[in-house]
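Along the sequence shown, residues carry numbers from 1.
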Amino acid sequence: LNAGDLLIRDINSQAEALFGYESAALIGKPFTSLCRKNAIPEEYRTVSGMESGDILMLETSKISKTGEELSVEIKFSAFQLQGETRIMAVVADASSRVHLTENLQLSVERLNLAVTGKDHGVWDWDIAGGSIYFSDNWRRFLGISKNDSSSGMEIWKKHLHPDEIDGILKVIRSHWNKEIDEYSQEHRLLGESGKYRWVQARGTAIRNEAGEVIRMVGTMLDVTRRKQIEIESVQKQRMEGLDRFAGSVAQDLNRMLVAVNASARLIEDAVPQHTAVNQYLGDIRRATEGSTALIQQLLAFSRKSQMQLEYVFLNLEIKSLLPMVEGMISKSISLETDLEDELPPVLADHTMISQVLLNLVLNSMDAMPDGGVLNIETSQFRLEESHVFAGKELEPGEYLKLTVGDDGIGMDDQVMEQVFEPFYSTKVNDEGQVSSGLGLSTVYGIMKQHNGWISVKSRPSVGTRFDLYFPILNDSEAES
């Protein structure tokens, strides 16, 4: 090339093959004629001013005779020839390398999309060195900084559920010992927020030449929602079975009570003035009245009790019951209320609402034998997404939320799974008798009848919180 105007003075056969031109077609034309129109690199100004001994490397593109755009690397070297400055341009086809780089970058981007989604992640455990890597989304969930110096085993033990650590380590050892081809386990991980999420973890051991495990790499998939659906499905089937059982028991008991009451009336008519007999009949009536209350609780759980629906202002209902609640609780328990102002009414059974509140208060009292704080709160709540309760899908919308909480003994996971089942109870009175176990199951059944739902959160030695949600009617529903 000429210095200055960059006219082509000569080309070799390899250049002819690369660009598809014969030498005669290019000699005498500017080197920039091989560039795409209006896309001449600014660096060519520097090339045109090169002096002998200067060298310049440039990555750019050129256009072949067929119009194909070629990715090229060009090494410009300036030298003196017969007193004139010439520039030699060595052009190398870089298309394959560029395409390889682009494909690699695309693969990296695809991998990043695959593993940095909300539910997916990767981990890489350097067993020999002790460190562990988590993809960014899971590292943030676990609250692990990039510079965390904790060992991989320490991190695993810190974030795994205590009940699952031994089982997970057993499966890992089986994989290391080549008893199973792959590590695969569903377990819980503790996040920085203090909440557990269910994950499906898979991994493969990497060994050195001696066959020793030096690393494990794997993936994690958040399966919390699937686990919740599975748990809800099992719970639904169990509660439906209990529904049928409770309803059947209530009907059988009711038939027997009818016969007992009828017989008692006949006896009373036959011996109206017999003092001893009347005393016995009084015992029978009191027993049947208590049994009738038991039947009503069973019917409430099985949704077979009759409701008298009316508009109920929950705050007014609570305030009317507060004197009774204050009389029920011991002096070692303090009552705190936080009732949101101007809440709309809900369509409910007045008596059942009172029963719900009193049952929850009694439950909290039993959970605080040494005293504590009982909280009763109300607020308006908006459900953004549909929610499944007792096998029924509840629509998004406005709900009235009633909360009853305490800082009592709390419950573990096993108790929480059965807390709404009829006849299940952990309470024992002073005489060693277990309670009927119908208080919370009655609340559960009443919430089903009111097309609402109930949720419970509890931790041992921390306390328990029951949240109840009653649907607020929209204008069209209220008119109907």
Side-chain angles (χ1 to χ4, degrees), residues 1-117 120-122 124 126 128-129 131 133-137 139 145-147 206 208-209 214-215 217:
L1 308 180
N2 285 340
D5 57 16
L6 299 182
L7 292 179
I8 299 174
R9 300 292 296 269
D10 193 15
I11 66 172
N12 62 11
S13 58
Q14 286 84 357
E16 289 179 320
L18 177 63
F19 294 110
Y21 292 97
E22 294 182 358
S23 59
L26 291 178
I27 292 175
K29 290 187 176 182
F31 188 68
T32 54
S33 64
L34 294 171
C35 296
R36 186 178 295 279
K37 290 182 180 180
N38 302 320
I40 299 174
E42 189 67 25
E43 289 85 352
Y44 279 16
R45 295 181 182 273
T46 304
V47 174
S48 64
M50 291 175 63
E51 297 180 355
S52 179
D54 291 343
I55 296 176
L56 179 66
M57 298 293 297
L58 179 64
E59 288 191 10
T60 184
S61 61
K62 292 291 183 182
I63 304 300
S64 69
K65 184 177 181 180
T66 61
E68 179 185 2
E69 185 170 339
L70 306 173
S71 296
V72 295
E73 290 180 343
I74 308 173
K75 180 180 180 180
F76 295 99
S77 303
F79 63 95
Q80 287 288 320
L81 180 64
Q82 298 177 351
E84 294 184 3
T85 301
R86 296 281 189 270
I87 298 174
M88 180 172 64
V90 179
V91 183
D93 186 356
S95 299
S96 298
R97 180 182 61 79
V98 170
H99 290 157
L100 182 62
T101 301
E102 290 175 348
N103 289 336
L104 178 60
Q105 180 62 31
L106 182 59
S107 297
V108 169
E109 291 174 355
R110 287 171 176 168
L111 178 61
N112 286 335
L113 287 173
V115 303
T116 60
H120 297 77
V122 296
D124 185 346
D126 181 358
S131 63
Y133 162 84
F134 288 97
S135 52
D136 287 347
N137 55 338
R139 179 178 53 78
S145 68
K146 290 184 177 181
N147 301 320
I206 297 177
N208 59 18
E209 295 180 356
I214 57 174
R215 286 174 62 201
V217 295

### Query
Applying salt bridge (charged side-chain N to carboxylate O under 4.0 Å, His left out), which residue pairs with at least one partner in residues 45-56 are found, sequence neighbours left out?
Glu42-Arg45
### Task
Enter the distance from Phe19:CZ to Leu26:CG here, rounded to the nearest 0.5 Å.
8.0 Å
### Task
Using the test salt bridge (Lys or Arg N to Asp or Glu O under 4.0 Å), find all partners of Glu84 that sit at least two apart in sequence or belong to another chain.
Arg86
### Message
The criterion is side chain to side chain contact (heavy atoms under 4.5 Å, CB included); which residues satisfy it with Ser33, sequence neighbours excluded?
### Response
Lys29, Pro30
### Query
What residues form a side-chain hydrogen bond (donor to acceptor under 3.5 Å, both in side chains) with Thr85, not counting sequence neighbours?
Gln80
### Partners meeting side chain to side chain contact (heavy atoms under 4.5 Å, CB included) with Ala89 (sequence neighbours left out)
Leu1, Phe31, Ile74, Phe76
### Task
Could you tell me which residues satisfy salt bridge (Lys or Arg N to Asp or Glu O under 4.0 Å) with Glu68, sequence neighbours excluded, listed by chain and number?
none
### Query
Which atoms form the tightest heavy-atom contact between Ile87 and Met50, and what is the distance?
CD1-CB, 4.3 Å
### Query
Do other residues, nucleotides or ligands put more than 12 heavy atoms under 6.0 Å from the CD atom of Glu22?
no
### Query
Does Gln82 have any side-chain hydrogen bond (donor to acceptor under 3.5 Å, both in side chains) partners at least two apart in sequence or in another chain, and if so, which?
none
Could you pull out all donor-acceptor pairs under 3.5 Å where a side-chain atom in residues 9-16 meets a protein atom, sequence neighbours excluded?
unit_1, atom_1, unit_2, atom_2, d
Arg9, NH1, Asn2, OD1, 2.7
Asn12, OD1, Gln14, N, 3.4
Asn12, OD1, Ala15, N, 2.9
Asn12, ND2, Gln14, OE1, 3.4
Glu16, OE2, Ser23, N, 2.6
Glu16, OE2, Ser23, OG, 3.4

### Query
For Tyr21, what residues pass the ring pair (Phe, Tyr, Trp, His ring centres under 6.0 Å) criterion, not counting sequence neighbours?
none
### Query
Can you name the closest pair of heavy atoms from Gly28 and Leu7 and give their distance?
O-CD2, 3.5 Å
